Amino acid sequence: MSSMPIKALVCGAGGFIGGHLVKRLKQEGYWVRGVDIKAHEYTHLPSDEFVQGDLRDQAVVAQVVTPDLAEIYQLAADMGGAGYIFTGDHDAGVMHNSATINLNVVEEARRKKVPKIFYSSSACIYPERIQTGTHNPGLKEDLAYPAGPDSEYGWEKLFSERLYLAYARNHGLEVHIARFHNIFGPEGTWTGGREKAPAAMCRKVAEAPVGGTMEVWGDGEQTRTFLYIDECLDGVRRLMNSSLSGPFNIGSEELISINDLARMAMDIAGKRLAIHHITGPQGVRGRRSDNTLIREKLGWAPDRPLREGMAKTYAWIDVQVQRSRHAG
Ligand code: NAD
């Protein structure tokens with residue numbers, strides 16, 4: 001007798017983390033429906049069904065959220081790197097689009113009695129005032145309040161965390177919330193202005209001629225922690241299989257400056273370049289995940305070295321750069 005596969009919906013399946021999650025769930029034997037406003041740009045999705053549709057539209061949400069689903073992973077959001085979020089030019093759209101998606105999805109999950117839902121929040125919810133130094137001691141989950149994110153993107157995430165928790169309290173929906181800290185890896189945005197620092201550093205190194213220069217925004221001493229996609233998904237799946245709602249940080253504790261990240265990419269490529277600092281959006285000065293809570297409650301935290309993930313990411317981006325060169 002063969003058992004029925006568990007059915008999951010991945011919202012934002014056409015995106016970076018969503019695309020990788022579809023693959024992970026398929027490997028685990030799930031039946032998967034993906035939904036996204038766009039097709040995945042970099043990979044063929046192995047989902048059983050893929051709906052191209054706008055989750056701001058309630059009719060689309062009613063179509064994809066069906067009563068046979070056991071799990072929903074809500075990753076769809078209007079987002080981008082510092083070049084998109086911190087200029088202020090996209091604030092109204094970021095807030096309206098992402099909040100509408102979350103309001104629609106959680107309400108439809110309640111109506112269709114889907115048992116559990118995962119929501120991807122962000123390190124961007126943490127107050128700007130505790131991230132002004134490069135040696136951030138670590139962002140513990142309860143430091144989120146009193147609130148003071150540095151972007152409207154962060155405020156929307158904080159609102160939506162509260163929205164999911166309110167549905168859990170009032171309607172018994174099982175929710176699991178993670179605050180992702182700079183997730184990176186292959187098959188993600190690597191050019192065009194929405195890419196984040198690890199991809200941007202890999203691209204700049206791959207594009208530059210040996211002995212050339214690369215540009216870094218600000219003085220490059222701003223610090224972050226970056227988590228490779230596979231470990232991010234390990235955390236998501238463990239959290240979803242637990243009885244814990246969170247929010248929990250899913251991030252690395254390995255702090256690195258953007259200058260050192262650039263040097264790491266050069267080192268991997270075997271290319272020495274001069275760093276040219278230019279003015280550009282930088283976000284907060286220093287940000288680091290603190291994994292005390294997730295380690296204690298879930299008995300797990302990411303522990304792979306950054307360099308390992310950077311090497312895999314550089315290899316993939318180098319191929320994209322060479323291909324676009326031949327195409328152009
Ligand atoms: P991504 O931009 O690659 O994926 C988001 C997807 O949502 C995109 O494919 C986009 O087309 C889709 N989308 C946007 N508006 C939509 C709409 N109206 N209807 C349907 N689909 C829509 O980003 P990602 O890096 O994969 O991030 C996934 C989630 O994780 C997002 O919610 C993001 O805020 C969160 N997050 C990511 C990071 C990170 O470092 N990547 C960090 C913190 C939080």
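Whatever order the structure lists ligands and atoms in, that order sets their numbers, starting from 1. Keep in mind it's a predicted model, so treat the numbers as computed, not measured.
The heavy atom nearest to atom 32 (O) of ligand 1, out of those in K157, E187, K38, E156, is found in K157. Summarising the contacts of atom 15 (N) of ligand 1 with V105, I101, N97, the nearest heavy atom is found in I101.
Looking at L75 next to ligand 1, an N or O pair under 3.5 Å apart turns up. On a distance-only criterion, I183 and ligand 1 share at least one N/O pair closer than 3.5 Å. At least one N or O atom of D36, backbone or side chain, sits closer than 3.5 Å to an N or O atom of ligand 1. For ligand 1, the polar-atom distance check against A76 finds no nitrogen or oxygen pair separated by under 3.5 Å. Residue V35 has no N or O atom closer than 3.5 Å to an N or O atom of ligand 1. Between S120 and ligand 1, at least one pair of N/O atoms sits closer than 3.5 Å. Where the criterion is an N or O separation shorter than 3.5 Å, residue side chain and backbone included, A123 fails it with respect to ligand 1. Below 3.5 Å of separation, one finds no N or O of D78 facing any N or O of ligand 1. Ligand 1 has no nitrogen or oxygen under 3.5 angstrom from a nitrogen or oxygen of G12.
When non-hydrogen atoms are compared, ligand 1 lies under 4.0 Å from the side chain of K196 (C-beta onward) but not from its backbone.
With 3.5 Å as the limit, one finds no donor-acceptor pair spanning the side chains of Q320 and Y42. For the residue pair N249 and Y126, a side-chain donor N or O sits within less than 3.5 Å of a side-chain acceptor on the partner. Counted by atom type alone, T66 and K7 present zero donor-acceptor pairs between their side chains at under 3.5 Å. Side-chain atoms of N259 and H277 form a donor-acceptor pair, as typed in the model, at a separation below 3.5 Å.
Contact atoms of ligand 1 toward G53: 19 (N), 20 (C) (distance under 4.0 Å to a heavy atom of the residue). Listed by atom number, the atoms of ligand 1 under 4.0 Å from G14 heavy atoms are 9 (O). The ligand atoms of ligand 1 that sit less than 4.0 angstrom from a heavy atom of D54 are 17 (C), 18 (N), 19 (N). The contact set between ligand 1 and S121, taken as ligand atoms under 4.0 Å from a residue heavy atom, comprises 43 (C), 44 (C). In summary, the atoms of ligand 1 found under 4.0 Å from a heavy atom of N182, numbered by their order in the structure, are 40 (O).
The side-chain heavy atoms of D234 and P302, taken from C-beta on, include no pair separated by under 4.5 Å.
Not a single heavy atom of F184 sits less than 4.0 Å from an atom of ligand 1. Not a single heavy atom of C124 lies less than 4.0 angstrom from ligand 1.
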* To do: Kindly determine whether R287 and Q222 satisfy side-chain contact (heavy atoms from CB on, under 4.5 Å), including the steps that lead there.
  => CA-CA 8 Å; R287 167 173 291 158; Q222 63 273 28; over 6 Å; no
* Asked: Are L261 and M310 close enough, and set up right, to give a side-chain contact (heavy atoms from CB on, under 4.5 Å), and what steps lead you there?
  -> CA-CA 9 Å; L261 186 68; M310 275 294 279; 3.7 Å; yes
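Ring pair W316/W190 is perpendicular by interplanar angle, where above 60° counts as perpendicular and below 30° as parallel.
With respect to W155, the side-chain contact (heavy atoms from CB on, under 4.5 Å) criterion is satisfied by exactly one of C124, S160, P149: P149. H176 pairs with exactly one of E71, R238, K116 by the side-chain contact (heavy atoms from CB on, under 4.5 Å) rule, that one being K116. For the pairing with S121, the side chain to side chain donor-acceptor pair (under 3.5 Å) check across E161, R179, E156 returns one residue only, E161.
Residues K140 and D142 are not paired through a salt bridge, judged by the lack of any N-O separation under 4.0 Å between the basic side chain and the carboxylate.
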